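Computed from a predicted model, the values in this text were never measured in an experiment. Reminder, nothing fancy here: chain letters follow the sequence lines and each chain counts from 1.
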Protein chains: 2
Amino acid sequence: MSDYKKRSEIIIRKLRQSGLKMTPQRLAIVNVLAKSEGHPSVEDIHARLKKEFPTMSLATVYRNIVLLKSLGEVLELGFPDGSNRYDGNRPFPHPHLICIKCKKILDPDLDSLEKMKKEVESETNFRILSHRLDFFGICSACLSEKV
Amino acid sequence: MSDYKKRSEIIIRKLRQSGLKMTPQRLAIVNVLAKSEGHPSVEDIHARLKKEFPTMSLATVYRNIVLLKSLGEVLELGFPDGSNRYDGNRPFPHPHLICIKCKKILDPDLDSLEKMKKEVESETNFRILSHRLDFFGICSACLSEKV
DNA sequence: TATTAAATGATAATTGTTATCATTTAATAC
DNA sequence: GTATTAAATGATAACAATTATCATTTAATA
Ligand SMILES: [Mn+2]
Ligand SMILES: [Mn+2]
Ligand SMILES: [Zn+2]
Ligand SMILES: [Zn+2]
């Protein structure tokens with residue numbers, strides 16, 4: 001079974017366990033999130049499903065995102081300009097690499113973050129519960145596009 | 001001369017060099033930003049100046065924040081829920097420690113971040129230009145308030 | 001004091017998200 | 001298969017932080 005199929009079955013199992021109805025729209029949204037390698041926006045998801053569900057409302061996408069967040073199965077990357085993006089594969093805080101040109105968002109490997117969290121906790125008297133780390137820059141594809 | 005006075009004079013010098021008018025409202029906003037130890041919101045700034053300028057418009061605060069950002073003299077900490085905060089003392093990217101209970105925001109000392117940036121740049125082919133790092137948790141004051 | 005470009009105050013417009021509500025539908029029992 | 005019912009959907013209004021607009025005021029300069 002493919003990775004995305006595994007991931008979407010995990011989410012669907014969680015939905016069933018919560019006693020929620022499995023509508024075609026809901027299943028399609030889950031599949032887009034599980035299949036996506038990137039970090040789609042609500043608009044991306046809605047546009048992707050426009051052919052299969054020509055009458056699907058944006059509100060339905062928003063509602064299902066809220067639901068999946070509450071179940072801990074999707075991570076919201078909120079941005080102050082409202083261009084929010086979603087990670088349905090790694091629904092826990094992790095660093096992101098954001099291209100300011102093409103808006104692509106990648107998941108880099110980074111293991112020094114836990115160390116940093118400990119450093120902060122010992123220097124201050126905070127109890128750290130979560131974090132958000134974004135690196136902004138230009139991706140390799142956009143770098144090589146320079147004329 | 002106090003630290004905040006030094007900081008506000010730096011900002012005011014930059015404003016004069018840019019050929020901008022020095023209005024009482026503008027000076028007051030700069031002083032609030034330079035004096036603040038924390039990270040005030042637009043509403044905070046507006047409320048702080050309500051007594052001195054009873055007719056000051058929120059738009060004036062927003063306009064001056066936009067101006068100071070464009071001059072590189074204030075750092076905006078934008079949050080997806082619109083509760084934006086401003087740092088007029090360290091107008092460059094740096095980590096923040098955010099109490100989710102009392103909304104206090106602190107500037108921790110952290111020197112391992114540059115290392116992390118280099119790690120990311122060498123592992124990927126991104127050119128990193130900026131970053132944003134927030135730790136969310138409970139501050140010591142709120143921890144000891146537990147009943 | 002007169003001139004003028006910039007700043008201000010008041011408020012309308014904008015935009016991503018949430019709320020509302022009538023209609024449809026998935027799940028369950030019979 | 002049919003009936004029942006609570007949940008989900010689609011359409012759209014409401015919301016709220018920010019930005020734009022515009023008439024009026026004012027800082028800077030001569
Ligand atoms: Mn991710
Ligand atoms: Mn700061
Ligand atoms: Zn790119
Ligand atoms: Zn606190």
Nucleotide forming a Watson-Crick or wobble pair with [N], both distances under 3.5 Å:
N	answer
D/dT21	C/dA10
D/dT2	C/dA29
D/dC15	C/dG16
D/dA28	C/dT3

Round to the nearest Å and state the distance from [X] atom [atom1] to [N] atom [atom2].
X	N	atom1	atom2	answer
A/Ile29	D/dA8	CD1	P	12 Å
A/Asn64	D/dA8	CG	C1'	8 Å
B/Asp81	C/dT18	CG	P	11 Å
A/Met56	C/dT23	CE	P	22 Å
A/Leu67	D/dT9	CG	C1'	14 Å
B/Met22	C/dT8	CE	C1'	15 Å
B/Phe53	D/dT26	CZ	P	12 Å
B/Leu27	C/dT8	CG	C1'	14 Å

Have A/Asp134 and B/His131 got a donor and an acceptor in their side chains that come within less than 3.5 Å? no
I want to check one thing: is the phosphate of [N], taken as OP1 and OP2, less than 4.0 Å away from some side-chain N or O of [X]?
X	N	value
B/Gln25	C/dG9	yes
A/Asn84	C/dT17	yes
A/Thr23	D/dA8	no

Nucleotide nearest [X] (side chain, heavy atoms from C-beta), chosen from [options]:
X	options	result
B/Ser57	D/dA6, C/dT8, C/dG9	C/dG9
B/Thr60	C/dA7, C/dA27, C/dG9	C/dG9
A/Tyr62	D/dT9, C/dG16, D/dA6	C/dG16
A/Lys21	C/dT25, D/dA28, D/dG10	C/dT25

B/Glu123 and A/Asp109: which non-hydrogen atoms are nearest, and at how many Å? OE1-O, 2.9 Å
Counting only heavy atoms from other residues, nucleotides and ligands, does the tally under 6.0 Å from CG of B/Asp81 exceed 12? yes
Can you label the angle between the B/His39 ring and the B/His94 ring as parallel, tilted or perpendicular, going by 30° and 60°? tilted
For [X], which contact category applies under a 4.0 Å heavy-atom criterion: base, sugar-phosphate, or nothing?
X	answer
B/Pro24	sugar-phosphate
A/Arg63	base
A/Leu58	nothing

Connected via hydrophobic side-chain network under 4.5 Å: A/Ile98 and A/Leu77: yes
Taking the side chain from A/Ser36 and the backbone from A/Val32, do they hold a donor-acceptor pair closer than 3.5 Å? no
